[in-house]
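As structure tokens, the structure follows; a few thoughts come after it.
Letters A, B, ... mirror the listed sequences (proteins, then strands); counts begin at 1.
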Protein chains: 2
Amino acid sequence: MKKPTLVDVGQEAGVSAITVSRALRQPEKVSDSMRAKVNAAVKKLGYVPDVAAAALASKRSNIIGMVVPSFSNNVFADVLAGAYDAIEGTGFTIQIGNVNYSALTEETLLPNLLNLRPVGLIVAGVDQTRRSKELLKMAACPVVQVMDTDSDPLDMIVGFSHSDAAATAVGHMIDMGFRRIGFLGARMDPRSQKRMAGYRYALEQRGLFDPALQVTTQSSSSVSVGGHLLADLLAIAPDCDAIFCNNDDIAVGAAFECQRRNLAIPRDMGICGFNDLGTAAEMHPRLSSVFTPRFEIGRRAVEMAVRAINGPLPAEDRIVDLGVELRVRASTNLANVS
Amino acid sequence: MKKPTLVDVGQEAGVSAITVSRALRQPEKVSDSMRAKVNAAVKKLGYVPDVAAAALASKRSNIIGMVVPSFSNNVFADVLAGAYDAIEGTGFTIQIGNVNYSALTEETLLPNLLNLRPVGLIVAGVDQTRRSKELLKMAACPVVQVMDTDSDPLDMIVGFSHSDAAATAVGHMIDMGFRRIGFLGARMDPRSQKRMAGYRYALEQRGLFDPALQVTTQSSSSVSVGGHLLADLLAIAPDCDAIFCNNDDIAVGAAFECQRRNLAIPRDMGICGFNDLGTAAEMHPRLSSVFTPRFEIGRRAVEMAVRAINGPLPAEDRIVDLGVELRVRASTNLANVS
DNA sequence: TTGACAAATGATTGCGCAATCATTTAAGGT
DNA sequence: ACCTTAAATGATTGCGCAATCATTTGTCAA
């Protein structure tokens, strides 16, 4: 009752093992009748190729490696969901590495991932260490960086510009009449930094930037932290009239803090989040946020990797900027306030 | 510049290849001096074992397969985070399969996973199809079911009783004085069903059960859906004075709906969520919820699998019930209401 | 009918490692 | 010093497959 091999299938079909291998991997190279015979034998015996043997013989696996900073962050959960959606039916497999927002962990993880001889690699962000970048450049497979188009890609990239997205959102808040707009940020990973840069740029354009209005922490993001950050900001700058938040958790937490302090949103405090994860849109009042195409980023990244396995993509297909969508809701709409 | 092999390391160290293999895999079987020599050669050449060749030769991989219903659900994101935390340093690798809450998808995924010759398997829930269960039973590796201790395990299990957890929470609500307690549930996967059963049991004990107060939908869970479900419930039963929610998203959405309807929490409507994901605790007022040890479940599942790889565990270690923690907050505390 | 050529199929080899069995070396007792 | 036994190390083989090269079969034109 052991697993059938190519030889077993060959005997069943009355042909050689290598022909079976070809019939399965390059069906167009064998005659129609042969293909039918082989498929019948495969089905009868329940043959399934041994991935380890195939990987050893061909020196390439069916693995697409994927490096994410965290599972618990919904953003990457969505990216993963998109990636798994796209991998379906391609015959490839995703192997996830979690690096806990640590560039150093990434540096030790990459050699392990590379050791699997992946056919493709998808990594979050563009801010790898020098050594990680070298490993990625030397990798014998296509590499897709995801999330972030603010820098040039090593090979291919899909995402959006965090600084542009933030600048757009803050520009909108200025347009709505807010003048003392604070920034609340937790974690402050590279993408958060870029959002903060976009925030700064938009304010500097109008001569409204005040460094004192930026309150950040290295601790990880949560609704609870959002409340604390707003409290800190208000202690420093009681005249602050709006906040742009690094992400939706912070925004939601800040909104709850406003409720506890009886600050009316948006009259006393305008709020804009980032990512538009769902809760923000359902709050009372509903919070404005910047929707980011997370699922789509995962999907496209896998598609790019799979395409690139059969040869390099043309230059114009190597960079995909999916943009974002500013979703304006009550929390920044000063116009409707009496 | 190709990858060094065991033979290369052996030559460098002046010993045979197989001794190198042993020095690395069973260090206690070689002499101290040999181990030192080999380690030096390994380091000098930067040798890394080829996993495909090892898998082929030994007929076993270093893979622990893990089947989850979804990435986007924070519950499983936390379980995965715990699992990845525990796998660190064990030399094993996690291979994730996402089955999108579909038992049928699971059935087609499992053979693929099994084909990797995993050394362990971790699957969510106890409600696999008959065929899936057969595959798991015949699997040549330890199997850990996670999340749910409401049924007997196929092999090992770690989680908690969803029905007991729900019954405890609803019992608490009854104790606080609520009498017309509704149930709001989305997705209604097997674990949701068990929570609903626990809800029912607690109410039946006091003669308070009314089937009309159960409002559910098959659509997936979200804050938005929580609001709709409460609206539906109130349309049917305006006298409802509290709700036990299938999860925190539903609870938070229902709480927002209360705010929109000017229903005071908990005076007009008591609310209890499930999982205690963070947002609920920060709301205004803060929502009661049932904390579930998700990260710990992932961690323990990997630990169990790794232990069981070296031989079956004693019976008393094969079932781990981590329990839950009812976290009572303002949203069910009728006592403090004037 | 034959020859030229392409399409289809087959035989051989080795990928890098671990299992198995064989051999050597060291340790301990008398 | 000698033998016994265990510990340490080595030689050989095959895991299941794909790459490479070799051979057969089929097709078509002259």
>> Looking at Ser31(A), I'd like to know whether one of its side-chain N or O atoms comes within less than 4.0 Å of OP1 or OP2 on dA8(C).
In response: no
> In terms of side-chain geometry, is the basic nitrogen of Arg187(B) or Asp189(B) positioned less than 4.0 Å from the acidic oxygen of its partner?
Replying inline: no
> So, is Ser21(B) close to the dA18(C) phosphate, meaning a side-chain N or O under 4.0 Å from OP1 or OP2?
Replying inline: yes
> Below 4.0 angstrom from OP1 or OP2 of dG10(D), is there any side-chain N or O of Ser16(B)?
Replying inline: yes
> How many Å lie between CG on Asp50(B) and C1' on dC17(C), as a whole number?
Replying inline: 8 Å
> Salt bridge check: are Glu296(A) and Arg299(A) linked by an N-O gap of less than 4.0 Å?
Replying inline: yes
> Closer than 4.0 Å, any side-chain N/O of Thr19(B) to the OP1 or OP2 of dG10(D)?
Replying inline: yes
> What is the distance from CZ of Arg35(B) to P of dT9(D), rounded to the nearest Å?
Replying inline: 10 Å
> Are OP1 or OP2 of dG16(C) and a side-chain N or O of Lys59(A) less than 4.0 angstrom apart?
Replying inline: yes
> What integer distance in Å separates Leu6(A):CG from dC15(D):C1'?
Replying inline: 13 Å
> When the nearest nucleotide of DNA chain C is assigned to Arg22(B) and to Pro49(B) on a heavy-atom basis, which residue is associated with the more 5' position?
Replying inline: Pro49(B)
> Side chain of Leu56(A): nearest nucleotide among dC15(C), dC17(D), dC17(C)?
Replying inline: dC15(C)
> Whole-Å distance between dC15(C) C1' and Lys3(B) NZ?
Replying inline: 11 Å
> Arg25(A) CZ to dG16(D) C1': how many Å, rounded?
Replying inline: 12 Å
> Tyr84(B) vs Phe71(A) aromatic rings, parallel, tilted or perpendicular, using cut-offs 30° and 60°?
Replying inline: tilted
> Contact class for Val7(B) (heavy atom, under 4.0 Å): base, sugar-phosphate, or nothing?
Replying inline: nothing
> If you check the Tyr47(A) side chain, which of dC17(D), dG10(D), dT9(D) turns out closest?
Replying inline: dC17(D)
> 5'-most contact on DNA chain D: Lys29(B) or Ala53(B), nearest heavy atom basis?
Replying inline: Lys29(B)
> Could you state the CD-C1' distance from Gln11(A) to dG10(C), rounded to the nearest angstrom?
Replying inline: 15 Å
>> Could you tell me how far apart Ile18(B) (CD1) and dA18(C) (P) are, to the nearest whole angstrom?
In response: 7 Å
> When you check the side-chain N and O atoms of Glu107(A) and Thr129(A), is any donor under 3.5 Å from an acceptor?
Replying inline: yes
> Separation of Arg117(B) atom CZ from dC17(C) atom C1', in whole Å?
Replying inline: 14 Å
>> Let's see if you can work this out: which of dC17(D), dG16(C), dA19(D) has an atom nearest to the side-chain heavy atoms of Ser58(A)?
In response: dA19(D)
> Side chains of Arg294(B) and Thr292(B): do they bring a donor and an acceptor to under 3.5 Å?
Replying inline: yes
